[in-house]
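The block underneath contains the structure these notes are about, expressed in structure tokens.
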Amino acid sequence: MTSTTMTSNAGGGASNAPSLADPRRASWWVLTVFLFPALAVYVGLTAYPAFRTFYDSFFTIEGMEVTFVGLDNYRALMTDETFWVSVRNTFIWSFIAPVLDVVTGLLLALALYAGVPFARFLRVAWFTPVLLSYVVVAILWMWIYNYDWGILNVFLRAVGLDSLVASWLGDPNLALGALIVTHAWKWAGFNMVVCLAAIHSLPREVLEAAELDNCGWGAKLRYVIVPMLRPTLLNLYILAFIGKMKIFDLVWIMTQGGPLWATETVSTYVYKRAFNWNTFDLGYPSAIASVWFVVVCAAVVILNRVLATRERLEY
């Protein structure tokens, strides 16, 4: 009798033990305790500011004076030439610059995969810019681009290419391209690491079969490696696209949107209208931010649909 009771109690304890460790059977108050901090941070720092930005876009906010204006701020956007210039510059950043980022990262990864000399040192050196803050990167490249003593112009003068010497950040035709190169230099290492990991995960038998068929590096890259890396490359492109649609810090430190709005982005324009210009109105920049939020979300959805892999590769 005693042994039977002990056995049943032991069995009951064993059956109850998994339920205590199973998160699917946790009580509501336990879930609330664990979820509340994350939800509070999300609501306070993301959801509420986003909602308040949409709400403020229907008002003129000058200090403590708030006046409802309806859609007037959005109508004003349609005729704001500076806004459309910033949209053009941001789209150039977002659609063209990610190609440079991803291609550079892929080439660096292929160089390491091929076993170039000093590969270990180069892997660290190429990834180091990712660890630097935008402030450090911006100041470093401002020195490089300096017209008088910048290393780029000094090198051009030294090799007799004085005709190519330019004010890289002062010329409206060159400033945006100079910033794109700087941004690509910073993030190429991140793309390199991701591409290198993806290359090492490719099936060895496929690459060896290409080598047995006397497939050169160019053909193997075009017909074997790149098609198999397509999902990875597309994900990197979309991540870079999202980041560049919000680009602010690098532009603000290096050019503040100049010269002549040649590097103005939507983020820098919103900041200027909200805090830098003497307009004293938070409603109009809120309308700009609201429109751009919708544009970014729509662009990401469209890119995912257009660039999505139709056929899943299995290897």
Side-chain angles (χ1 to χ4, degrees), residues 32 35-95 97-98 133-135 138 175-176 179 183 238-305:
T32 303
L35 290 177
F36 179 77
L39 290 176
V41 171
Y42 174 77
V43 171
L45 300 181
T46 302
Y48 174 74
F51 170 78
R52 187 56 188 265
T53 300
F54 279 102
Y55 177 79
D56 289 345
S57 66
F58 299 102
F59 295 85
T60 296
I61 305 173
E62 298 177 347
M64 300 300 294
E65 297 182 5
V66 180
T67 305
F68 179 76
V69 295
L71 298 176
D72 288 353
N73 289 328
Y74 291 96
R75 295 190 186 99
L77 272 180
M78 299 299 102
T79 57
D80 189 342
E81 294 183 3
T82 307
F83 169 72
W84 290 109
V85 170
S86 67
V87 170
R88 181 199 64 191
N89 293 336
T90 307
F91 274 131
I92 293 175
W93 266 89
S94 303
F95 285 99
S133 69
Y134 274 112
V135 176
L176 185 60
L179 293 184
H183 200 272
I238 293 174
L239 286 175
F241 174 86
I242 296 172
K244 288 170 176 55
M245 289 285 277
K246 305 180 297 180
I247 189 69
F248 170 79
D249 30 22
L250 185 70
V251 179
W252 187 256
I253 297 170
M254 295 186 71
T255 63
Q256 293 191 2
L260 300 176
W261 297 283
T263 60
E264 193 79 74
T265 64
V266 174
S267 297
T268 59
Y269 186 51
V270 169
Y271 179 83
K272 287 180 179 179
R273 291 300 301 255
F275 308 109
N276 199 247
W277 293 3
N278 294 326
T279 54
F280 303 108
D281 177 22
L282 295 179
Y284 187 73
S286 296
I288 300 175
S290 301
V291 169
W292 200 241
F293 175 80
V294 174
V295 170
V296 172
C297 293
V300 171
V301 172
I302 293 173
L303 275 178
N304 276 305
R305 292 287 183 89

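Ring geometry for Tyr134 against His183 counts as parallel: the plane angle stays under 30°, on a 0 to 90° scale with 60° as the upper cut. Between Phe248 and Trp252, the angle of the ring planes stays under 30°, which puts this pair in the parallel group of the 30/60° scheme. Using a 30° and 60° split on the angle between ring planes, Tyr55 and Phe59 fall in the tilted class, from 30° to 60°.
The minimum heavy-atom distance between Met254 and Ala138, with the atom names listed, is CG-CB, 3.5 Å. Closest of all the heavy-atom pairs between Met245 and Ser94 is SD-OG, 3.0 Å. Between Ser57 and Phe54, the shortest heavy-atom contact is OG-O, 2.5 Å. The minimum heavy-atom distance linking Tyr74 with Ala287 is given by the pair CE2-O, 3.9 Å. Scanning both residues, Ser286 and Leu282, for their nearest heavy atoms gives OG-O, 2.6 Å.
Under a 3.5 Å cut-off, the side chain of Ser86 and the backbone N or O of Tyr269 do not form any donor-acceptor pair. For Thr79 (side chain) and Ala76 (main-chain N/O), a donor-acceptor pair under 3.5 Å exists by modelled atom type.
Test Ile61, Leu77, Thr60 against Tyr284 for side-chain contact (heavy atoms from CB on, under 4.5 Å) and you get one pass: Leu77. For the side-chain contact (heavy atoms from CB on, under 4.5 Å) test with Thr263, the passing option among Ile92, Thr268, Ile247, Val251 is Val251; the others fail.
Applying the 6.0 Å contact sphere to CZ of Phe68 captures more than 12 heavy atoms from other residues, nucleotides or ligands.
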